[in-house]
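Presented below is the structure to which this report refers.
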Amino acid sequence: MGGAVVVDVAWGGRLGGRVEGYVVLDVVEGSAIDALQSMQTYLTTRPTTFPSLPAAIEWHLRSRTIRNPTSARVSVPGLLTTTTTSSLNSADTSTSWRWRTNLHATQPFWTSWFTHLSRKFLAAKGGKLLVLAGTDRLDRELMIGQMQGRYQLVVVPEVGHFVHEDDPGRVATAIIEFHKRQAPIKLPPKVGQSMALGQKVVGPVGGAGTGLISKT
């Protein structure tokens with residue numbers, strides 16, 4: 001869902017020219033809209049509370065929502081908040097863990113989040129990196145855009161939807177390399193500027209337009 005927000009911000013130009021590039025993790029318009037049909041069922045069948053944090057972590061791993069135990073221990077606590085219940089017949093209280101965000105309340109907005117997502121992703125300015133758990137998630141518009149070289153595609157094998165949770169090392173490496181490619185190119189100083197700084201210009205060396213700048 002966060003990917004839809006990032007794409008909309010970049011497409012709408014809300015940050016002006018400050019966006020050099022952006023990354024979207026495993027969100028594609030076609031598969032996302034198809035998944036909405038079963039989203040309500042998923043929310044209804046998942047537990048509403050957990051007796052403890054270890055129980056919540058264990059459920060995420062058993063259901064394969066997250067496949068990496070280390071990631072689950074780090075990220076799951078932030079998804080939950082505590083709630084205290086008092087007994088009617090005694091002064092005893094019990095503490096359980098419930099979901100921090102009420103996803104049921106966001107249902108009216110689900111479709112609008114993902115409609116035209118692929119078109120916005122391709123049209124927005126700046127470099128684009130799409131990280132997917134499988135190429136089967138690509139819709140027609142993104143397949144054409146990928147063949148045209150309009151964005152970079154990285155497919156992470158043997159992971160689920162939470163690609164950054166299941167294989168954080170591979171995803172982090174992809175993002176770092178993407179960021180390096182988006183960094184502004186630092187051009188060498190102009191000849192006049194070099195001379196003003198007391199530098200000696202030697203060249204051309206090694207090919208057309210190549211110069212070696214050395215300090216005197």
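- Under the 3.5 Å distance criterion, the side-chain polar atoms of Y42 are left unmatched by any main-chain donor or acceptor of A35.
- A continuous path of Ile, Leu, Val, Met, Phe, Trp and Tyr side chains, each step under 4.5 Å between heavy atoms, connects L43 with F109, placing both in one hydrophobic cluster.
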Checking L53 against R73 for the side-chain contact (heavy atoms from CB on, under 4.5 Å) test, could you report, in this order, the C-alpha distance in whole Å, the side-chain angles of both residues, the deciding distance, and whether it holds?
CA-CA 9 Å; L53 273 179; R73 288 193 291 269; over 6 Å; no

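- Shortest non-hydrogen contact noted between D8 and R14 is O-NH1, 3.0 Å.
- Nearest heavy atoms, E29 versus S118: OE1-N, 3.0 Å.
- Taking the side chain as every heavy atom from C-beta outward, T48 and R98 never approach each other to under 4.5 Å.
- Between V24 and the options V7, L132, L117, a side-chain contact (heavy atoms from CB on, under 4.5 Å) holds for only V7.
- Look at D167 and R67 and you find no salt bridge, because none of the NZ, NE, NH1 or NH2 atoms lies under 4.0 Å from a carboxylate O.
- The shortest non-hydrogen separation linking R46 to T101 is NH2-O, 4.4 Å.
- Distance check: T81 OG1 to W97 CH2 gives 7.5 Å after rounding to the nearest 0.5 Å.
- At a threshold of 4.5 Å between non-hydrogen side-chain atoms, the residues F114 and V27 count as touching.
- V163 belongs to a hydrophobic cluster whose remaining members, ordered by chain and number, are V23, L25, L129, V131, V154, V156, V159, V171, I175, F178; membership requires side-chain heavy atoms of ILVMFWY residues under 4.5 Å apart, directly or through intermediates.
- Annotation: Q148, atom CD; neighbour count of heavy atoms from other residues, nucleotides and ligands within 6.0 Å is above 12.
- Formation of a donor-acceptor pair under 3.5 Å by the S52 side chain with backbone atoms of A55 is found in this model.
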As a quick check of understanding, evaluate side-chain contact (heavy atoms from CB on, under 4.5 Å) for N68 and F162, giving each step before the final call.
CA-CA 10 Å; N68 184 332; F162 295 98; over 6 Å; no

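- When every heavy atom of G145 is checked against every heavy atom of L122, the shortest pair comes out as CA-CD2, 4.2 Å.
- Within the 4.5 Å cutoff, side-chain heavy atoms of W99 are placed close to those of L80.
- Taking the side chain as every heavy atom from C-beta outward, H104 and T44 approach each other to under 4.5 Å.
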Test side-chain contact (heavy atoms from CB on, under 4.5 Å) applied to E177 and K180, step by step
CA-CA 5 Å; E177 293 302 317; K180 289 179 180 178; 3.7 Å; yes

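- Here the shortest heavy-atom pairing between I66 and S71 reads CG2-CB, 4.4 Å.
- Considering CD of E20 and CZ of R181, their distance stands at 14.0 Å, rounded to 0.5 Å.
- The minimum heavy-atom distance between L142 and D139, with the atom names listed, is N-OD1, 3.0 Å.
- To the nearest 0.5 angstrom, Q40 atom CD is 4.5 Å from Q107 atom CD.
- Side-chain atoms of I144 and R150, non-hydrogen and from C-beta on, never get closer than 4.5 Å to each other.
- Considering only heavy atoms from C-beta on, Y22 comes within 4.5 Å of F121 through its side chain.
- Taking CE of M147 as the start and CG of L153 as the end, the distance is 12.0 Å to the nearest 0.5 Å.
- Clustering ILVMFWY residues whenever any of their side-chain heavy atoms sit less than 4.5 angstrom apart, transitively, puts W11 in a cluster other than the one holding V9.
- In terms of hydrophobic clustering, with Ile, Leu, Val, Met, Phe, Trp and Tyr side chains grouped at heavy-atom distances under 4.5 Å, V28 and L36 are assigned to a common cluster.
- In this pair, F50 and H60 present their aromatic rings tilted. The plane angle is within the 30 to 60° band.
- One N or O on the side chain of R100 and one on the backbone of G78 form a donor-acceptor pair closer than 3.5 Å.
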